[in-house]
Chemist: 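I'd like to ask you about the structure that follows.
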Amino acid sequence: MPDRLRRSFFRKPADRLAADLLGQRLVRAHRGHRRAGIIVETEAYLGTIDAAAHTYQGRRTPRNEAMYADAGHAYVYFTYGMHHCMNVVAHSADTPEAVLIRALEPAEGLEAIRRRRPKARRDTDLTSGPAKLCAALDIDRKLNAADLTSSTRLWIEPGHTITPDRIVRTPRIGIDYAAEWTEKPLRFCLRNHPHLSRPAP
DNA sequence: GTGTGGATTATCT
DNA sequence: GATAATCCACACC
């Protein structure tokens with residue numbers, strides 16, 4: 001079993017986990033081949049109090065059930081009729097917080113990633129968005145509710161240690177309907193990183 | 001380089 | 001029936 005992040009790493013509030021996931025390595029294995037990228041951008045969704053979260057006010061549906069699992073599971077959902085997005089469940093079972101993975105720096109399996117992203121003109125277009133990276137790493141609802149601490153298909157390995165001065169916080173992307181939660185600085189980026197979904201000031 | 005609108009359908013109300 | 005934690009193409013500067 002490869003070295004990977006354990007349950008205890010994920011058992012913390014989503015905003016702390018969002019910062020701690022920066023610099024770690026997301027790995028997708030399929031038939032003995034690896035695709036991987038370094039996490040460079042995340043967003044925290046703070047559970048039942050967060051008007052932008054799928055679990056706002058305790059909503060619990062078949063789609064978001066994985067957010068109620070223990071920390072360290074994946075929550076993968078389908079949206080806009082054509083895209084998948086991947087989250088890492090935070091905190092603990094029945095406390096439905098999660099971290100959306102928004103961008104990666106491609107690190108392994110570049111040929112396979114490029115095949116999955118035929119419209120990308122430059123390498124910085126390959127995984128610079130939550131749906132782009134799911135397409136690139138072939139992450140879809142088959143992996144919803146996968147346990148990242150034991151899955152043979154999807155996990156996270158320890159990467160670089162990131163010091164706080166290299167992290168920029170901004171409001172979340174695509175949230176314009178969540179009242180006071182719209183502007184909270186819950187997006188976490190590696191400062192000036194070329195693979196961000198959008199530049200962070 | 002920036003801004004706008006269309007794609008496309010599972011999911012929820 | 002309306003919406004969506006998005007992406008891409010194309011117009012315009």
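Proteins get letters first, then strands, A, B, ... in listed order; numbering begins at 1 in each.
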Chemist: Can you list every pair that meets ring-ring contact (aromatic ring centres under 6.0 Å, His included) and has a residue in residues 81-104 of chain A, with sequence neighbours left out?
Modeler: A:F78-A:H84
Chemist: Give me the first and last nucleotide of DNA chain B, going 5' to 3', that has any atom under 4.0 Å from a heavy atom of chain A.
Modeler: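 Taking any atom under 4.0 Å from a heavy atom of chain A, the span is B:dA7 to B:dT13.
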Chemist: May I have all residue pairs that pass salt bridge (charged side-chain N to carboxylate O under 4.0 Å, His left out) and include part of residues 124-136 of chain A, sequence neighbours excluded?
Modeler: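 Residue pairs passing salt bridge (charged side-chain N to carboxylate O under 4.0 Å, His left out), neighbours aside: A:R122-A:D125.
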Chemist: For DNA chain C, determine which residues of residues 114-122 of chain A have any heavy atom closer than 4.0 angstrom to one of its atoms, and list them numerically.
Modeler: A:R117, A:K119
Chemist: Not counting sequence neighbours, which residues clear side-chain contact (heavy atoms from CB on, under 4.5 Å) with A:A29? List them please.
Modeler: A:W155
Chemist: Could you list the cluster mates of A:I49? Members are the ILVMFWY residues connected by side-chain heavy atoms closer than 4.5 Å, either directly or through other members.
Modeler: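 A:L46, A:W181, A:L186, which link up through side-chain heavy atoms under 4.5 Å apart, make up the rest of the cluster.
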Chemist: Enumerate the residues from residues 183-201 of chain A whose closest heavy atom to DNA chain B is under 4.0 Å, giving them by residue number; use none for an empty result.
Modeler: none
Chemist: Got a sec? Which of residues 51-66 of chain A come in under 4.0 Å of DNA chain C, heavy atoms?
Modeler: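 Residues of residues 51-66 of chain A that come under 4.0 Å of DNA chain C are, in numerical order, A:A52, A:H54.
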Chemist: Does anything in residues 182-201 of chain A pair up under ring-ring contact (aromatic ring centres under 6.0 Å, His included), and if so which pairs, sequence neighbours excluded?
Modeler: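 Output for this query lists A:H193-A:H195.
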Chemist: Dot-bracket for DNA chain C, 5' to 3', with Watson-Crick and G-U pairs under 3.5 Å, [ ] for crossing pairs and | for other-strand pairs: what is it?
Modeler: ||||.|||||||.
Chemist: Excluding sequence neighbours, so at least two apart, what forms side chain to side chain donor-acceptor pair (under 3.5 Å) with A:T170?
Modeler: A:R187
Chemist: Using a 4.0 Å cut-off to any heavy atom of chain A, which nucleotides of DNA chain C are the first and last in contact, reading 5' to 3'?
Modeler: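 So the contact region on DNA chain C extends C:dA4 to C:dA9.
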